[in-house]
Amino acid sequence: MKKTPVIFDHDGGVDDLLSLMLLLTMEHIDLKAVCVTPADCFLTDATKSTLKILDLFGRKDVVVAQGNLHGVNPFHYDWRAQPKMVNALPTMLSCEDDWSMVCKQPAHEYMQSALLASDEPMTVLMTGPCSNLAKALELSPDCLNKLHKVIWMGGAIDTKGNVANYNHDGSAEWNVYWDAPAADSLLKSGAPLWFMPLDATNCLPISMAFLKDLSAYRSYPLVELAGQFWACTVASIPTYEFTYYLWDVMATCCLGLNDDVIDWHDIRLSVRTSEPSEGNTYRDDEGKLVKVAMQADRQAVIDYLVRQLQYQ
Ligand code: AGV
Ligand code: CA
């Protein structure tokens, strides 16, 4: 079976780390590298979590690259501390973090050279801000020819955003808001973008009912571990917003789901880069034509996820 080559760029949130786990269960995916963006995390903790999850799957062949680009609007510090909790879980404590797997290049430079050197187009999955890919394309527009598909958890099109901050009208999703100029640049680059925005992810909140259903499969080690990861989010969400969603996990599921599970629309999109709507992704006749997930078959996503987590 020909595997799909993937570069995964995440930003260390609990669902980013779950996405890494999920990717590693997918037999048709050839995970080449993991880039860590210092957005919704502290870089060292999130890199440590990444190395430990790779160790859990016995994967020494995956390159890990740390990002050094910083967005405009920092994430809340209590959200950024989540990998600290994850790294304190027994399974994670028993895994090794082999720092020799971390390359010397910063993530955007690694991405740029890996894409240029690849003899086939690659899929880039992003579950944090898009700063690394945007910069790689700015430095080497030729990278565009090496992109098969760019799947990005980001944006809020016909629904409200999840940013609650001073000088903001609430219309943006955080991954776009962190570095809206990068999102603008990425859109304008003409990259083959497949957005997984809040419009689609809103159907999958992490509720206690969801966690309870999942617990029926806890004899599978990855189900137990995933449940522990999600439990780490319960107390850490401040009053701005109470619910954690299957945001990044849903974007990652796109790589394995049948085409009919997600309702993809062709939409012309642009990004606002100034307040009070900084990071707002909106329909614009002048914008770039991209694919946008507007809805999903909720149960089909959950079934797929639960099936993959039974991997051992
Ligand atoms: O906007 C969703 C993105 C996803 O990539 N992240 C979390 C996911 O990893 C930012 C975010 C929005 N609300 C949050 C977030 C919350 N309540 N806690 C932590 N992160
Ligand atoms: Ca994320």
Before giving the answer on ring pair (Phe, Tyr, Trp, His ring centres under 6.0 Å), spell out for W174 and F75 the whole-Å C-alpha distance, their side-chain angles and the decisive distance to 0.1 Å. CA-CA 8 Å; W174 260 102; F75 275 91; 4.5 Å; yes
N175 side-chain N/O to M153 backbone N/O, donor-acceptor pair under 3.5 Å: yes
Do K84 and D45 sit within salt-bridge range, that is, some charged N less than 4.0 Å from a carboxylate O? yes
Side-chain donor-acceptor pair under 3.5 Å between D11 and T127, yes or no? no
Relative to each other, are the rings of W79 and H76 parallel, tilted or perpendicular (30° and 60° limits)? perpendicular
Please determine whether a side-chain nitrogen of the Lys or Arg among D98 and K60 lies less than 4.0 Å from a carboxylate oxygen of the Asp or Glu. yes
So, S171 versus D169: side-chain donor-acceptor pair below 3.5 Å or not? yes
Worked check of side-chain hydrogen bond (donor to acceptor under 3.5 Å, both in side chains) between S19 and D248: CA-CA 6 Å; S19 297; D248 299 349; 5.0 Å; no
E120 and salt bridge (Lys or Arg N to Asp or Glu O under 4.0 Å): which partner among K2, K3, K146? K2
Taking it one step at a time, do Y110 and H108 satisfy ring pair (Phe, Tyr, Trp, His ring centres under 6.0 Å)? CA-CA 5 Å; Y110 170 80; H108 67 278; over 10 Å; no
Please determine if K291 forms a cation-pi arrangement with W264, meaning its NZ or CZ atom is less than 6.0 Å from the six-membered ring centre and no more than 45° off the ring axis. no
CG/L204 to CG/D15 distance, rounded to the nearest 0.5 angstrom? 11.5 Å
Salt bridge (charged side-chain N to carboxylate O under 4.0 Å, His left out) pairs, two or more places apart, involving residues 294-312: none
Distance flag, aromatic centroids of Y311 and F57, threshold under 6.0 Å: yes
Connected-component partners of M122 among ILVMFWY, side-chain separation under 4.5 Å: I7, M111, L115, V124, M126, L133, L137, L144, L147, V150, W152, I157, V176, L186, L187, L193, F195, I267, L269, V271, V290, V292, M294
Do F42 and Y77 have ring centres separated by under 6.0 Å? yes
Give, for atom CG of L22 and atom CD of Q308, the distance between the pair rounded to the nearest 0.5 Å. 6.0 Å
Can D284 and S270 be counted as having a side-chain donor-acceptor contact under 3.5 angstrom? yes
Within this structure, what is the CG-CE distance for the pair L198 and M250, rounded to the nearest 0.5 Å? 10.5 Å
For D30 and T4, which I'm curious about, is there any donor-acceptor pair between the side chains at under 3.5 Å? no
Examine the side chains of D199 and T159 and answer whether a donor and an acceptor come within less than 3.5 Å of each other. no
Establish, from distance only, whether the side-chain atoms of S185 and E138 form a donor-acceptor pair under 3.5 Å. yes
